[in-house]
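Have a look at the structure below, then the notes.
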Amino acid sequence: MDQTIVAIRSRHVLLHFGSEHRDSSDKKHRDKDKERLKLKDGSSDKQKDKHKEKKKEERVGRGLCYFHIATVLSELNPLALEESQMPLFWHFAQPFWLLVLGCWFTSFHLCAFFIPFRWEEERYTDGVKWKFLEHKGPVFAPPYEPLPSNVKFYYDGKHMKLSPGAEEVATFFAKMLDHEYTTKDVFRKNFFKDWRKEMTSEEKSKLTDLNKCDFSEMSEYFKAQSEARKAMTKEEKLKIKAENERILQEYGFCVMDNHKERIANFRIEPPGLFRGRGDHPKMGMLKRRIRPEDIIINCSKDSNHPKPPPGTKWKEVRHDNKVTWLVSWTENIQGSIKYIMLNPSSRIKGEKDWQKYEMARRLKKCVDRIRAQYREDWKSKEMRIRQRAVALYFIDKLALRAGNEKEEGETADTVGCCSLRVEHLTLHQEMDGQEYVVEFDFLGKDSIRYYNKVPVEKRVFKNLQLFMEDKEPEDDLFDRLNTSILNKHLQELMDGLTAKVFRTYNASITLQQQLNELTTSEDNVPAKILSYNRANRAVAVLCNHQRAPPKTFEKSMQNLQTKIDAKKEQLADAKRELKMSKYLLEGRIEEQLMKLEVQATDREENKQIALGTSKLNYLDPRISVAWCKKLGVPIEKIYNKTQREKFAWAIDMAEKDYEF
DNA sequence: CATTTGACTTAGCAGGATCGCT
DNA sequence: AGCGATCCTGCTAAGTCAAATG
C-alpha cells in the first residue's frame, strides 16, 4: 500500500492527489496535516472556531465543491473521525453516499478532493465568496538600479547626465529600441510627453526634441546584460531558480477557506512603457511604478494581515468577502483596477468554470426555441426587435462577441456584434454562385481582424439592407441596440443567459460533433490526436482565434519534410532487403513515416490558428476527458500539466459516456 | 434612465524551459 | 554536451456584464 492511494470511487466521490502522499487516515497525522495547511505565521486556531459555526452553512448549496483532505476529515464528518481510523462512511442529507478510504499528502503538495454533489441551496448565500482568506500580499517590482557611469546618454551629440527619475524612464525606451513601435509617431509623442514629466526643470528645458536623443549606449548595455545572463554558469542559474522558488513558496500561496491555493499573479506589474494592441492611442505612455501606498489589501479580519515593506503603508486593508481578489491597485493608463487573484486550479476558479459550462449546457436545451424566436423576430414590425434578432443570429451563427461600446480615443478602434458599423460589412446579392452573401471585415478584440464571407437567409439580408439604408459608413449598423438591451432580452429567454454563453455553447458543441465525426476507435493514437486537433481547430476557426505564423514556420516545415524524405528512403531500403525481420521492420518504419506525415499535416493546418484559447476558455473539458477515456488516448496527450491542474475537476468527473 | 465603476474572463505574445537530435 | 526547435508559462491588455452612481 505504500505510496498508493486507496480510494473507493463511488460515482460521487472523486479523489485527486498531488505527487507525494502520506497516509493521513491516522489521526495523529491528520492533525499535523491540519497544521500544515496554515501559512507560515499560522492562523488555524481562529479558523477552527470559525469553522464550527460554518459547518452548517457549507453543507447547503448548489454547486461543485472540492475539499482538502483536512476539510473532509475534520469538517464533513467529525463523528467518523472519532469512530474510525479506516474507511469513513457518511451519509449526506440527500441520496448520496460519500466514501473515502485514505489519502497521503505532505505540506508542499496540494491534495485536492473533489466532491461533486448536489447541494440544496447556494453554498454561500448573497454572493459571499469565502469566509477565511489569508495571504502575504504582493511582491513588488525590484527597485530601479541606476546605470553605471560609463553608460552615457547623449542629447544632440553631447553627453548629458540624467537625473535618476528621468534616467529610469529613458531606459524603458532604450530597451524597446529594436521594436518597430518606437518608430511610430503616436508612441514617440506619448513617450516624450510622459518622459518630460519625470525630468527636472533643467532637463525639461534642455531636452526638447526626442529625435536628438541618443539611447544607443543604454541599448547596447542592456543587450550585453541579457547576453551575460544567458552565459551564466549552471550554479548561478540554479541559485536564481532557487530564489524564485523561495519567493513562490512565500508569496505564491494563500489560504482560502481551508484550502491552500496557488495565486495566479502575485507579482506587481513593473513600470514601463505602455504598449496596447493594434492602433492604440495611448501607446508609449509611462506605466508608473506601483508602491505599497497604491495597494488595497483584501483578506479576512481574523487572518494574519500582510505587512507592507518596512517604512511604507498600504493604501487600505479591507475585508470584503463578496469578491475573490486578494490585492488591487489602480493603473494609470486607463484608470482601471488591476487585481491579484487565484490560479485557475483553485477551487473558486474551477467552480466558476464548471458553472460556465453548465450554463452552456442549459442553453443547449433551449437553443432551438431561442432560434425559432429570433427567426420569428426578423419579421417584427419594430425595428429594435429586428435589429436585436439579426444581431443575435450573428452571435449564434458566427460566434461574434457581444460588442460593448467603447470610449472613442481611449482605446484601439475595435468592435463586436452590437457595435458593428455600416463600413464593416458589404452585402452581395450574389457572390461565387451563392445568394445573399455578407462580407464581414472588421477588427475585433486585440485588433485581430475578422474576415468572413457568409451566405445568410434572405430575410436577414433584406433586414441588413434596411438597417444600412441612408447611413454613413461610420454609423452604427444596429442603431437601436446595445449589449445591455440584448442581454436583458436574453435574460428573459433563459435565466442567466448572456451573449457570451453562445460562444461557449457553440464552441463546445462543435468540438463534440467534430470528435464524433472525425474519430474512430480503429485509428492509432497519433491519428486520433490529429483528429482531435482538427476538431479543436474547427472551434478556433469559428471563434477566430488567430496567431501570427511562427517566425520559424517555413524552416521547421522544411526540416520536417527532410525527415519524411529520409524515412521514405529508409522504407524503400528495407523493402529491397529481403531479411527475416522484413515485415516487422517495414511495419515499424511505416508507422514512423505515418507519424511524421501526420505531424506535417497538423502543423501546416495550424499555421495561423491558435488552439490554446479555445481549449482553455471555451471547450467543456469533460468532452475531451470523455473522448480520451472512450478512445484510450492518455489525457496527457491532450492536456499538459497546467491544463490538467486547471481541469482537474473535469478529469475526475467525466466518464466515457459524458455528453455535453 | 444613461453613464461609470468594479470584478471577472478571455486573449495573444515573448521569452524561458524543456525536448530531442547530433 | 551542445544546440536548435518546440512547448509552456507568465504577463498583462482587452474584453464581458452587472451593479453602483448621478
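Here is the naming used below: chain letters follow the sequence lines, and residue numbers restart at 1 for every chain.
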Nearest-Å distance, NZ (Lys175(A)) to P (dA14(B))?
-> 17 Å
Nucleotide range of DNA chain C contacted by chain A, 5' to 3', under 4.0 Å to a heavy atom?
-> dA5(C) to dA18(C)
Residue set satisfying side-chain contact (heavy atoms from CB on, under 4.5 Å) with Lys239(A), at least two apart, ordered chain then number -> none
Side-chain ion pair, Arg622(A) and Glu358(A), N-O less than 4.0 Å = yes
Ring centre gap for Phe274(A) and His280(A) strictly below 6.0 Å = yes
dG12(B) P sits how many Å from Gln608(A) CD, rounded?
-> 13 Å
Any residue meeting side-chain contact (heavy atoms from CB on, under 4.5 Å) with Ile448(A), in chain and number order, not counting sequence neighbours | Asp446(A), Asn544(A), Gln546(A)
In terms of ring plane angle, is the pair Phe394(A) and Phe440(A) parallel, tilted or perpendicular, where the classes change at 30° and 60°?
-> perpendicular
Taking only N/O atoms, report every protein-nucleotides 4-9 of chain B pair under 3.5 Å with atom names and distance.
from	atom 1	to	atom 2	distance (Å)
dA7(B)	OP2	Tyr339(A)	OH	2.8
dA7(B)	O5'	Tyr339(A)	OH	3.4
dC8(B)	OP1	Lys129(A)	NZ	3.1
dC8(B)	OP2	Thr324(A)	N	3.0
dC8(B)	OP2	Thr324(A)	OG1	2.9
dC8(B)	O5'	Thr324(A)	OG1	3.4
dT9(B)	OP2	Lys349(A)	NZ	2.4

When rounded to whole Å, the CG to P distance for the pair Asn404(A) and dT3(B) reads 14 Å
Test side-chain contact (heavy atoms from CB on, under 4.5 Å) applied to Ile337(A) - qualifying residues, sequence neighbours left out | Ser328(A), Thr330(A), Tyr339(A)
Rounded to the nearest 0.5 Å, how far does CG of Asn640(A) lie from CD of Glu645(A)?
-> 9.0 Å
Using the benzene-type ring in the case of Trp, are the ring centres of Phe187(A) and Tyr181(A) under 6.0 Å apart?
-> yes
CD of Gln546(A) versus P of dG12(B): gap in Å, rounded?
-> 8 Å
Taking DNA chain B as the partner, which of residues 484-497 of chain A come within under 4.0 angstrom of it by heavy atom?
-> none
Taking only heavy atoms on the protein side, list every residue of residues 278-288 of chain A lying under 4.0 Å from any atom of DNA chain C, sorted numerically.
-> His280(A), Lys287(A)
Please list, chain by chain and in numerical order, all residues satisfying ring-ring contact (aromatic ring centres under 6.0 Å, His included) with Tyr393(A), sequence neighbours excluded.
-> Trp378(A)
Measure the distance from CG on Asp446(A) to C1' on dT10(B) and round it to the nearest whole Å.
-> 8 Å
Could you list the residues that satisfy ring-ring contact (aromatic ring centres under 6.0 Å, His included) with Phe140(A), not counting sequence neighbours?
-> none
Where along residues 263-275 of chain A does a heavy atom fall under 4.0 Å from DNA chain C?
-> Arg267(A), Glu269(A), Pro270(A), Phe274(A), Arg275(A)
Contact letters for nucleotides 15-22 of chain B, in which S counts primed atoms plus P, OP1 and OP2 and B counts the base, heavy atoms under 4.0 Å | ---S----
Describe, as an angle rounded to 10 degrees, how the axis at the first end of the helix from dC1(B)-dG22(C) to dT22(B)-dA1(C) is tilted relative to the axis at the last end, five pairs per end.
-> 10°
